[in-house]
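The first residue of the sequence shown is numbered 1, and numbering continues consecutively from there.
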Amino acid sequence: MVKSRISADEGQSLVLAIGLCAVTLLTISVVLAASAVNLKARQLLSIADGAVVAAVDEFEFVADGPNPRIELNQKRAQQAVSKYLSDVGAAGRIDNLRISSVRIRPDGQGATLQLSGSVQPPIVGWIVPNGVPITVNSTAQTVLSR
């Protein structure tokens, strides 16, 4: 009786080991994918920070009597962002990179930039064939001081 029970349990630990390996590999692939998305989002944020600083550096100094001020122009800011992205080769580093919006603050002394792109996560990329979309916002301000 005991001998037949032992023979019926043979191979049970192999199924457990295969299941454990599958769960471990799945966990590793999910962590790798999440890390890749996080790294690309940080990289895109860094690019957006540089681009928005380039945009606010395109200010125009207006000497309007005793109260000089600076003004940002929407078109020049947009061009500065495009030029910055081209200069740093951002399109080669982020898939489907595009400028979602460039907005000049109402006081004309700062800008907000929104960039978007996508990330193709490793190993599990076939689950999301178009990649994982990422969007970042960055804001910069130019201050005129005496």
Side-chain angles (χ1 to χ4, degrees), residues 7-146:
S7 65
D9 289 340
E10 285 182 8
Q12 295 296 321
S13 62
L14 181 61
V15 172
L16 179 65
I18 290 171
L20 185 62
C21 284
V23 169
T24 302
L25 289 175
L26 183 62
T27 303
I28 289 171
S29 63
V30 168
V31 169
L32 278 174
S35 296
V37 170
N38 186 26
L39 286 174
K40 281 294 181 182
R42 289 176 183 265
Q43 188 177 22
L44 184 60
L45 181 59
S46 175
I47 292 169
D49 286 345
V52 77
V53 168
V56 297
D57 280 347
E58 293 294 322
F59 65 85
E60 182 176 324
F61 184 77
V62 178
D64 189 19
N67 298 322
R69 65 181 192 284
I70 55 175
E71 288 182 356
L72 290 172
N73 178 298
Q74 179 74 29
K75 185 177 179 182
R76 289 179 64 184
Q78 181 86 27
Q79 289 172 344
V81 168
S82 296
K83 182 178 183 322
Y84 179 85
L85 294 178
S86 174
D87 288 348
V88 299
R93 299 186 334 202
I94 305 291
D95 295 337
N96 302 319
L97 177 68
R98 69 181 183 91
I99 301 169
S100 298
S101 67
V102 178
R103 293 192 192 117
I104 304 298
R105 288 183 14 190
D107 63 0
Q109 298 190 0
T112 300
L113 171 65
Q114 186 177 56
L115 292 180
S116 62
S118 65
V119 180
Q120 195 66 35
I123 301 175
V124 293
W126 56 273
I127 295 174
V128 281
N130 294 331
V132 177
I134 51 175
T135 302
V136 297
N137 293 308
S138 186
T139 302
Q141 176 179 350
T142 299
V143 177
L144 181 63
S145 61
R146 296 179 195 192

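- Between I70 and V62 there is no side-chain heavy-atom pair separated by less than 4.5 Å.
- The shortest distance between side-chain heavy atoms of K40 and I94 falls below 4.5 Å.
- Looking at every heavy atom in both residues, L44 comes nearest to G117 through CD2-N, 4.1 Å.
- L115 is listed as a side-chain neighbour of I47, based on a closest heavy-atom distance under 4.5 Å.
- Side-chain contact check for K75 and Q78: no donor-acceptor pair (N or O, by modelled atom type) lies under 3.5 Å.
- Looking at every heavy atom in both residues, F61 comes nearest to P68 through CZ-CB, 3.4 Å.
- Scanning all heavy atoms of the two residues, the minimum distance from A33 to V124 falls at CB-CG2, 3.6 Å.
- Residues S138 and V52 share a closest heavy-atom pair of OG-CG1, 3.4 Å.
- One N or O on the side chain of S35 and one on the backbone of V31 form a donor-acceptor pair closer than 3.5 Å.
- To the nearest 0.5 Å, the span separating CG on L45 from OG1 on T135 amounts to 12.0 Å.
- Under the 4.5 Å side-chain criterion, counting only non-hydrogen atoms from C-beta, E58 is not in contact with N73.
- Under a 3.5 Å cut-off, the side chain of S86 and the backbone N or O of S82 do not form any donor-acceptor pair.
- Smallest separation of non-hydrogen atoms from A36 and P122: CB-CD, 3.5 Å.
- Residues S118 and I134 have side chains not in contact (no heavy-atom distance under 4.5 Å, counting atoms from C-beta outward).
- Here CZ of R76 is found 11.0 Å from CG of D57. Values are rounded to the nearest 0.5 Å.
- Few gaps surround CZ on R93; more than 12 heavy atoms of other groups in view lie less than 6.0 Å from it.
- With hydrogens and angles disregarded, no donor-acceptor distance shorter than 3.5 Å links the side chain of Q120 to the backbone of W126.
- I99 has its side chain within reach of L113: a pair of non-hydrogen atoms, C-beta onward, lies under 4.5 Å apart.
- Atom CZ of R105 has more than 12 heavy atoms from other residues, nucleotides or ligands within 6.0 Å.
- Considering only heavy atoms from C-beta on, R69 comes within 4.5 Å of E71 through its side chain.
- Side-chain contact check for Q114 versus V136: every heavy-atom pair is 4.5 Å or farther apart.
- Considering all non-hydrogen atoms of both residues, I104 and A111 come closest at CD1-CB, 4.1 Å.
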